[in-house]
There are 2 protein chains.
Amino acid sequence: MRTEHEAWASQLRKGVLELAVLGLLAGEPKYGSQLVDDLATHPELSISAGTVYPLLARLAKAGLVTSVWQESPVGPPRKYYTLTEPGRRTLNAMTQAFRAVSATVTTILEGQR
Amino acid sequence: MRTEHEAWASQLRKGVLELAVLGLLAGEPKYGSQLVDDLATHPELSISAGTVYPLLARLAKAGLVTSVWQESPVGPPRKYYTLTEPGRRTLNAMTQAFRAVSATVTTILEGQR
DNA sequence: CCCGATAGCTTGCATTGCAAGGTAGCTGGC
DNA sequence: GCCAGCTACCTTGCAATGCAAGCTATCGGG
């Protein structure tokens, strides 16, 4: 519990990042740095490169995403990640689970007010 | 990623358990087993004793809760945990953070539909 | 006196966010 | 040519924490 609730925020991200990344990939294929940039626009979920790449590797290993190398017009090649069919199913399941948890927490917080 | 999304659910709990426990204690002092039972009524957040006691110990160490031993009419003594003033403030901060994250995730998920 | 239920706690493990650092391709200025 | 700076990918080591499993201790009933 290093710095009160900045540390806690990181724990909160932990449970949600995988869902957020799958959600972003559901729209269109993206590459690692692009995900970092996209998430940076949502301060609550912003993460560093050192978090994204291991996460993408885990998703790929689990078969939820596949990747394709593609040349960049302006820099080093990029590895685009696409949702697979199992990935899409998992995203749906996670979405439901998230909504359920979110609703439950809201209930607990309101019930004790 | 042991069993697909059962394992994920545990990661999702990770970020939210502390908030849920503080939320439950905001109503009235409770003891460990009682928290386990309370949370068991919310399947999404149900946890085991081996999770609650370390968590309570961390909260106590951080000064967010205090505990008092109290005799039980029917069994071994119970350790009742009460929210401290800093605990209450932390609960409020966490509640806001949770709402922000929840809203952001919802936005991401809807944006890609 | 033992047995089940209740209550608290500990140990060891696996997962995972993150800071820091490392490699390599591309571009523009010199 | 060559170097500085940017982009992009990846790895290493660490810390936090949920969880199964197991231990101790109290109480009451048979």
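The chains referred to below are lettered A, B, ... by the order of the sequence lines, with proteins before strands, and numbering in each begins at 1.
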[X] [atom1] to [N] [atom2]: how many Å, rounded?
| X | N | atom1 | atom2 | answer |
| --- | --- | --- | --- | --- |
| B:L12 | D:dC19 | CG | P | 11 Å |
| A:R78 | D:dC9 | CZ | P | 8 Å |
| A:E18 | D:dG18 | CD | P | 17 Å |
| A:Y53 | C:dA24 | OH | C1' | 13 Å |
| B:K61 | C:dC9 | NZ | P | 15 Å |
| A:I47 | C:dA20 | CD1 | P | 17 Å |
| A:L45 | C:dC18 | CG | C1' | 15 Å |
| A:Q11 | D:dA15 | CD | P | 14 Å |

Assuming nearest nucleotide by heavy-atom distance, tell me which of A:K14 and A:K79 is located more 5' along DNA chain D.
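Counting from the 5' end, the first nearest nucleotide belongs to A:K79.
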Quick one: on DNA chain D, does A:P54 or A:V74 contact a more 5' nucleotide (nearest heavy atom)?
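The answer here is A:V74.
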Any [X] side-chain nitrogen or oxygen under 4.0 Å from OP1 or OP2 of [N]:
| X | N | answer |
| --- | --- | --- |
| B:S48 | D:dA20 | yes |
| A:R13 | C:dC18 | yes |
| B:S33 | C:dG8 | yes |

Is the backbone of B:L39 close enough, under 3.5 Å, to the side chain of B:S46 for a donor and an acceptor to pair up by distance?
no
Comparing A:L55 and A:G75 on DNA chain C - which has the more 5′ nearest nucleotide
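Here A:L55 is the residue nearer the 5' end.
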Among [options], find the nucleotide with the atom closest to the side chain of [X].
| X | options | value |
| --- | --- | --- |
| A:R58 | C:dT16, D:dT26, C:dG8 | C:dT16 |
| A:Y31 | D:dA25, D:dA8, D:dG18 | D:dA8 |
| A:L17 | C:dG8, C:dC18, D:dC19 | C:dC18 |

Heavy atoms only, 4.0 Å cut-off, all strands: where does A:G32 land among base, sugar-phosphate and nothing?
sugar-phosphate
For B:Y80, answer base if it contacts any base atom (sugar-phosphate contacts may also be present), sugar-phosphate if it contacts only those atoms, and nothing otherwise; contact means non-hydrogen atoms under 4.0 Å.
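If one applies the 4.0 Å heavy-atom cut-off, B:Y80 turns out to touch nothing in the nucleic acid.
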Within-4.5 Å side-chain heavy-atom neighbours: A:T82 and A:L25
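A:T82 does not reach A:L25 side chain to side chain.
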Find out whether A:S67 and A:Y31 are in side-chain contact, i.e. whether some heavy atom of one side chain is under 4.5 Å from a heavy atom of the other.
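Side chain of A:S67 against side chain of A:Y31, heavy atoms only: no contact under 4.5 Å found.
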Do you know which two heavy atoms are closest between B:P29 and B:Q34, and how far apart they sit?
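The answer is O-OE1, 4.4 Å.
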Exactly one of A:L55, A:V52, A:T51 should register a side chain to side chain contact (heavy atoms under 4.5 Å, CB included) with A:V21. Which one does?
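Of A:L55, A:V52, A:T51, side chain to side chain contact (heavy atoms under 4.5 Å, CB included) with A:V21 is met by A:L55 alone.
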